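Below, chain A is the first sequence line, B the second, and so on; all start at residue 1. The shown structure was predicted, so the numbers you read here are calculated from the model rather than taken from an experiment.
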Amino acid sequence: MKGWLKRWGLYRLIPAVILLLALLFSMLGAQMYREVAALRSAPQDNVQWTLAQVEIELLTLLDTLRAAQDAGKADPRRLAELRKRFDIFYSRNRTIARSQGFQDLRTIEQFSTALGAVRQTLDDQLPLIDGDDPALFTGLPDLEEQFQAIRPTTRQLSLIGIRKFAELSDKRRHDFGLLVFQTAGVGLVLIVALIFALAVLYRQRQIAQASSAKVRESRSRFANTVNVSLDAIIVADGNGTILDFNPAAEKTFGYSHARAVGADMADLIVPPTLHAAHKEGMRRYLQSGKSKLVGKGRFELDAMHANGSIFPVEMSIGATAGENGEPILIAYVRDISKRKRIEVELTNARDKALAADKAKSQFLAVMSHEMRTPLNAVMATLDLLDRTELKPRQRDFLQTAITSGEILQHHIDDVLDLTRIEAGAIDLQAERFDIRDLIAEVERSTQLAADKKGDAVSVQIDLDETQICLDRNRLRQILLNLVSNAIKFTDDGTIDIIAASHADTDDRRVLTFEVKDTGIGIAPEDLGRIFGDFVTLDPSYQRKAEGYGLGLAICRRIAAAMGGKITVRSERGVGSSFLVTLPEAEETQTTEERRPESTSAAVPSGVSLRVLMVEDNETNRFVARAMLEEEGCTVVEAVDGEEGVAKAQEERFDLILMDISMPRLDGIEAARMIRSGSGASKAVPIICLTAHAMSETRDALHEAGVTDCLIKPLRRKNLQHVLSMVLKHDRAQEHDGDPETDILIDPVLLNELATLMPPERLNRSFGRFIEEVGSLRAQFETLCESRDSQAALKHAHHLTGSSGMFGAVALTEAFRHFQDLAAAGDMASILELLDDVDALGQETIAAFETEGWAARRPVPTEAS
Amino acid sequence: MIAHRTCISLAVTIGFLLVAANVRAAEIGAPQNDPVLTVNGQIERTNEGDTAVFDMDMLKALPATSFRTSTIWTDDVHRFTGVALDDLLDAVGAQGRTINAIALNDYAVEIPAADAVDGGPIVAYEMDGAEMSVREKGPLWIVYPYDAKADYRTEMIYSRSIWQLDRMNIR
């Protein structure tokens, strides 16, 4: 019921209903009053009185008539009285006939007939009444008879009237009774409605009491919450006047509740420096309801303590509407000076640690650099010594020294590389290349080591598209490192290089390179450490191998810089698998070809170049001179930039080698002066020597007119490369070179190989390769006959590797094609191509001989 | 010329009024014909002992008041002319609060003196310009202007509308 009422909002109708009832009640009451007044003041029997009068007046008439008769003669006074009584009776009859009060009665036929009869009688007597006295007197007996005759009729009129008015008053009584009843009914309903309204009001009051109790309870709970809060809570109105200030706030700000409440927040806790901003913020908030702080979560600010000290707080401000709709602001404030102090301490500690780390890196870099300079001299000297007549035993010693020196040099390079990467100086140059070439290169570079350990290296390329886009040099660095490591920890096992690709969520091609070995494996507890810096595992393994050193740490950093990663899975005694995942890069626009030209010619013997050597370090000067002279060059020295410029001015050299960092005038400036001057060597190639290969330095060099740049240490192979370039440049000016030779073989690779391999071993390998090339036709013919495509594939793969290693470019391509054919089982095509490939082999051997390689073969293997 | 005549008639009228006022204030005169109305009780001016007796001419000599109204006892609207009740009371110098009016047939009704107001009931002696016979509720009939206001259309007022008025007793 209540719910129903509530649902329809009928509670609101109650007053209207009561009002309506009251109105009805008062209307009925008014009517009742009128009825009662009418009953009291207007005698209902007026009409009845009139009717009664008819009979009385008739009787009076008869009386006066008899009195006139009794006089015995025509007494004028009595006759006048008779006439008056007649007139009165006549008038009465007329009144009943005309008056509205008798309208209802006149509708009754009996009544109107009676009335008509009386009227007729009266009208009949008019001549007599209005006649003279004697006539009237004479007619009196007849008149009496006539009037006596209408007495029953007049009685009838009265009786009909009484009957009718009895009915009427019955009806009136009934109506009045009904009115009373209706009034009482409405009054009753009104009372019920009032009681109901009272009940509703009572219930409302109960609800209001309950809700006010709830409000009181929640207010007290809120007050308790505020009081026990650890954070300071300040409640203020829109003007900034503090309304509440909890105990935590008292403690935080040093003001008592009594002091704070009623005070202006700005005066109390806002530092003077923030007053203007506070006022502006409050003004804006009051005007627009918008604030940078209110309802915007936590923020940090400065606050002021009672003692005037400023301290940092973290606070959040909420707003709620007060009684008049004015905003009430609630601020939760936490003193964070302690936290801030700790933060500062932590920041300081971190900065110190970072500084120390940086200092360490700096130290490492400097140390490495400082170590490298003398080491370069040692290595160069050892190179020189290698070119002299030595006893085999001495040569062995020398080889050990060179190998160790190279390892040391490698480590120092690693440290420098690492510090460079750490400094964010890694400069990635993505280019498009064939991954097969790169892997073959890696395979070649590591083949020697693999051979030494009896390891078989196999390559598997699961790529539909072998052209990939990445930083070639960095990828080679990673793969070389991983493969070298694998070889290092694997004896008489297999090392698989597997290249594959998949698409990532952005549909980019992601390349994966897996290097899997069957080596000693890595203990699970060490797996997480191997990518760290200078990690070597169990010393017992170190005896077997040199350890990982910095290699993996560098690889990890390079991979990360390329947007990829390196992961490792390993099991002790079973082997390790390193997986490099690299997303394919966008090709970078390069202005400079950084790869060494693979088609450059070796330095032909007997060529004499005049070289100006500008170098302040005496040792370096000595080493460089020795190397250059070894290559058949004539060397002129200059000890600094100024001297170098002066000498270049006087004489035309074939080449200028210029150190960069020199006192008085550095290499870049010197190069610029030579180029911009008008000296004899104005257009001569200038090659700079530098310890740093920073790109900005390179740009500066380029801008200064430097032709190329050699990274120290100056090694024979690098020098030879530069010299051959200069020479080729000269030659190209004289005549076109020998394109065919260029295509067939890459002598640079051979030269590199010569520096890497002990000569006797190189000779042996080269000899075996020549033999294999010579016998390729017979080999493949046999394999084709037996239709052994697997064996053909294996042989083709082997030949691809060895021809690649020795720089037989054309042959490498041919054998790779054989691999593809064999993999497809197409032996017929191999057979078809065999003549051409055999011819190519012969040409290649001839080309090697042309390059003077056949002449190197008889390096004494046994010199005792 | 016209102004001159107007001035004269105005002067005559004022003079007449002054004389009439004097006469009424001093003396109500004596009836020359059959009396139609006798007034007694608390009155200051009388002409026969303690009674003021009026014949029709005397009544007509008093200021006349006329209005049109319908009544519940007659058909249609009629013009009634007569002496306003308050004028009549003034004429006899009535002091009482109630008028006991009695008809020829001895019908009697009490009329409060308060009813005698300007625009109130008149003692009519003419209906539609003709005197009323006894047969037509004459010769005197106290008529209220029933149509003028609803208060005059009540049973009470109807009962006070006494016809064939014969005498009045002021109490």
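For a residue to count as touching a neighbouring chain, one of its non-hydrogen atoms must lie under 4.5 Å from one of that chain's; by this rule B:T71 touches chain A with the backbone only. Within the 4.5 angstrom heavy-atom criterion, only side-chain atoms of A:I129, from C-beta onward, approach chain B. The contact between A:F86 and chain B is made entirely by side chain atoms (from C-beta outward), counting heavy-atom distances below 4.5 Å.
Residues meeting the ring pair (Phe, Tyr, Trp, His ring centres under 6.0 Å) test with B:Y146, sequence neighbours left out: B:W73, B:Y158.
Considering A:K73, A:R83, A:R78 in turn, A:R83 is the only one that fulfils the side chain to side chain donor-acceptor pair (under 3.5 Å) rule with A:D133.
Across all non-hydrogen atoms, the minimal contact from A:L157 to A:L51 is O-CD2, 4.1 Å. Summarising the geometry of B:D115 relative to B:P121, their closest heavy-atom pair is O-CD, 3.1 Å, with the distance given to 0.1 Å.
Proximity of a side-chain donor or acceptor of B:D55 to a complementary backbone N or O of B:D34 within less than 3.5 Å is not detected.
Side-chain contact, B:S66 with B:R79: a donor N or O sits under 3.5 Å from an acceptor N or O. B:E110 and B:N100 form no side-chain donor-acceptor contact under 3.5 Å, judged by distance and modelled atom types alone.
Heavy-atom neighbours of chain A within the stretch residues 135-144 of chain B, taken at a separation under 4.5 angstrom, comprise B:R135, B:E136, B:K137.
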